[in-house]
Amino acid sequence: MKIQNHQGQILEIEKQTKEAFEVLNHSTSHLLAQAIQELYPDAKFGFGPAIEEGFYYDIDFSCPITLDDLPTIEKKMHELASKKERIIYRQVTKQEALEIFKDNPYKIELINGINDTITVFSQGNFIDLCAGPHLLNTDQIKHFKLLSLAGAYWRGNSNNKMLTRIYGTCWYSEQELKDYLNIVEERKRRDHRILGKQLGLFMISEYGPGFPFWLPNGMILRNALIDFWTKQHIKFDYQFIDTPIILSRELWEISGHWDHYRNNMYTLKIDEKDYAVKPMNCPGSILVYKNGIHSYRDLPIRMAELGHVHRHEASGALNGLFRVRTFTQDDAHIFCTKQQLTEEIVTLLQFYEEMYSVFGLDYNIELSTRPEKDYIGDIEVWNQSEKILEEACLKSGHNFKINPGDGAFYGPKLDFKLKDSMGRIWQCGTIQLDMNLPHRFEMSYIDENGEKVEPIMLHRACLGSIERFIGILIEHYAGAFPLWLAPQQINILPVNNNFHLEYAKKICQRLKDLGFRAKVDDSNEKLGYKMRNSQINKIPLTLVIGDKEKDNNLITYRRYSFQDQITISIEQFIDMIESDLKNKKHYVNQKNN
């Protein structure tokens, strides 16, 4: 596949690569803008990049467009692509660029911020400010679809104008496009906001945008997840703490949050003093550490906290459980010596592996390094910290890639990118190495020579937040949770209430006495309706109780999404589900799920 880069050079790249996909989609974003220019001559263009699964373009329309307009725009794109116009690269001076885009304030703003060579790409009568790379000709753009509309502030700043963002995707073949659109439809079917309502897991009220309410079924799921989280931390020798939600301004000034994170914090006055609702748990953990005197023999100290934090997010960014204003961070802070640091990170990587494997989630690791600006601490400390994280990954046999400039303001970090059953990537876990906050808070331990030494601090979240992780799980499992997580594990259906209800209730009570979450459907509906309702609610196990079961002390069970109905003794059934719970098994019929 031939492309032209930011210097106008023609290069050959492999078609089935990430780079080739990005070039194809970036070129399609220009085709979209060209079509918009013909259909809406007064439209002004912002950014039009390729993204992981396609592209978007941010556009300032004089009159709003709707989803109903997308087919017309698509038709114009196909018409333009069929003209097989060359995509032409050109270098221009800043004055030339300002003249070309004199009617577009967004491009002028970008041009005024460029100190290097300015390049443009054109096709037909359309020209765009762009560094490339691009295809050589529009006839390579054939299999595309415009997907959705969204609002997007210019340059991501809520003080700027809201533009219309058009999302789309482009593929090499009609079949690839069709397969991708099927995935998009499946994702809609798995939308955690829809399933969360259908399964009675959570709600969002207009009285608290971004502040989720947990419903009874959601609390069962949440508590099951937290129980697993707690047991894993006990296994890895953590202590548990709980710190206040509101703490004084002075604390956040010492930590650096007041200067670096102030716009995302909720603040209030108490007794005429400034306080803040915590956006993070780390300063509270530090105060717990400083509550006592520590010897080198005490280290490492591992403190875990399910901390309830609040962060101000723009209203337009709120999205179910994925982007909220309050969440429970599955936080931990580890205080150790410099000599213990690499081994602690290696142990953490083992911890993460065990946690994620239970859910069938694969992951990749990224090492996020020092931001270009707005960071605290010495560069030498940052370089040393980044090297330690790199060595720990290599020692534990984990590959990683560098994500330059994306570290926290107080230290570099390892970010864990999870891949769900739909192939989507989620940023969840993080390990942040911090040599700065211990210094700012004058933390210390007594070493073997009786002298005070600063500990190293590791900030660590595995699930990221309970709320967001549950949102991911809802979509990962399509609401059909494994037995150990399911709000209702077993649904018991008497064939006829007059003859079978008593035995069904007896079975239910026995299961409940053993700790299983079981209920009897004693409605007067027909058995087929009850069974269908059990499937709609995605209950892992449905028991049918009729004459045969009642007379022979048996049960007949069916797993969610499977057609087979299996008859066994109640004792065999209990042994089976106890084994399933112990091993956290998840049964999925790919054909029906």
Side-chain angles (χ1 to χ4, degrees), residues 195-196 198-202 214-228 231 470 473-474 477-589 593:
L195 288 173
Q198 176 186 321
L199 300 175
L201 301 176
F202 71 94
W214 289 101
L215 304 177
N217 282 348
M219 281 302 297
I220 295 171
L221 169 61
R222 179 187 171 98
N223 287 337
L225 181 64
I226 289 173
D227 181 61
F228 167 63
K231 288 174 179 175
I470 287 177
L473 290 183
I474 292 170
Y477 292 125
F481 301 108
L483 191 69
W484 71 279
L485 280 175
Q488 183 180 343
Q489 296 169 324
I490 304 161
N491 198 24
I492 305 172
L493 312 182
V495 175
N496 186 313
N497 286 348
N498 293 327
F499 303 103
H500 310 124
L501 182 57
E502 185 178 344
Y503 179 66
K505 287 183 175 180
K506 179 182 174 183
I507 293 294
C508 184
Q509 191 57 53
R510 183 171 178 188
L511 292 171
K512 289 169 74 173
D513 289 344
L514 291 170
F516 299 113
R517 299 187 285 275
K519 291 182 181 179
V520 175
D521 183 348
D522 58 1
S523 66
N524 291 317
E525 301 291 349
K526 292 181 179 179
L527 181 63
Y529 179 89
K530 292 181 181 181
M531 180 63 76
R532 189 161 54 253
N533 194 49
S534 196
Q535 297 296 298
I536 289 172
N537 287 293
K538 303 177 186 289
I539 299 169
L541 289 161
T542 301
L543 309 190
V544 176
I545 304 299
D547 289 338
K548 177 178 66 174
E549 290 78 18
K550 175 187 173 185
D551 295 342
N552 298 285
N553 199 32
L554 301 171
I555 61 97
T556 296
Y557 75 88
R558 174 180 166 184
R559 293 189 185 278
Y560 170 76
S561 81
F562 289 82
Q563 296 299 320
D564 298 339
Q565 297 195 41
I566 301 169
T567 302
I568 56 177
S569 71
I570 183 64
E571 286 74 20
Q572 289 174 310
F573 179 73
I574 289 169
D575 288 344
M576 180 189 76
I577 56 179
E578 284 181 339
S579 175
D580 288 356
L581 285 176
K582 180 180 179 181
N583 296 303
K584 294 184 167 53
K585 282 189 176 180
H586 185 223
Y587 295 88
V588 180
N589 186 343
N593 191 40

Return the set of residues passing salt bridge (Lys or Arg N to Asp or Glu O under 4.0 Å) with Arg558 (not counting sequence neighbours), or none when no residue passes. none
Asn583 (side chain) donor-acceptor with Lys585 (main chain) under 3.5 angstrom: no
Can you give me the closest heavy-atom contact between Leu485 and Ala224, atom names plus distance? CD2-CB, 4.1 Å
Do the two ring centres, one from Phe562 and one from Tyr587, sit under 6.0 Å apart? no
Using only atom types and a distance under 3.5 Å, with no angle test, would you say the side chain of Lys550 pairs donor to acceptor with the backbone of Phe499? yes
Can you name the closest pair of heavy atoms from Ala486 and Ile220 and give their distance? O-CG2, 4.4 Å
Provide the closest heavy-atom pair for Asn496 versus Asn498 in the form atom of the first, atom of the second, distance. OD1-N, 2.8 Å
For Gln565, enumerate each residue passing the side chain to side chain donor-acceptor pair (under 3.5 Å) test, keeping only those at least two apart in sequence or located in another chain. none
If the condition is salt bridge (Lys or Arg N to Asp or Glu O under 4.0 Å), which residues does Arg510 pass it with, not counting sequence neighbours? Glu571
Do any N or O atoms from the side chain of Lys530 and from the backbone of Ser523 form a donor-acceptor pair under 3.5 angstrom? yes
Output all residues satisfying salt bridge (Lys or Arg N to Asp or Glu O under 4.0 Å) with Asp547, sequence neighbours left out; order by chain, then residue number. none
Donor-acceptor under 3.5 Å (Gln509 side chain, Lys506 main chain): no
Check the orientation of His586 and Tyr477. Use parallel for under 30°, tilted for 30 to 60°, and perpendicular for over 60°. perpendicular
Donor-acceptor check, side chain of Asn537 to backbone of Asn533, threshold 3.5 angstrom: yes or no? yes
Hits for side-chain contact (heavy atoms from CB on, under 4.5 Å) against Asp227, two or more places apart or cross-chain, chain-then-number order -> Lys231
All salt bridge (Lys or Arg N to Asp or Glu O under 4.0 Å) counterparts of Asp580, not counting sequence neighbours: Arg559
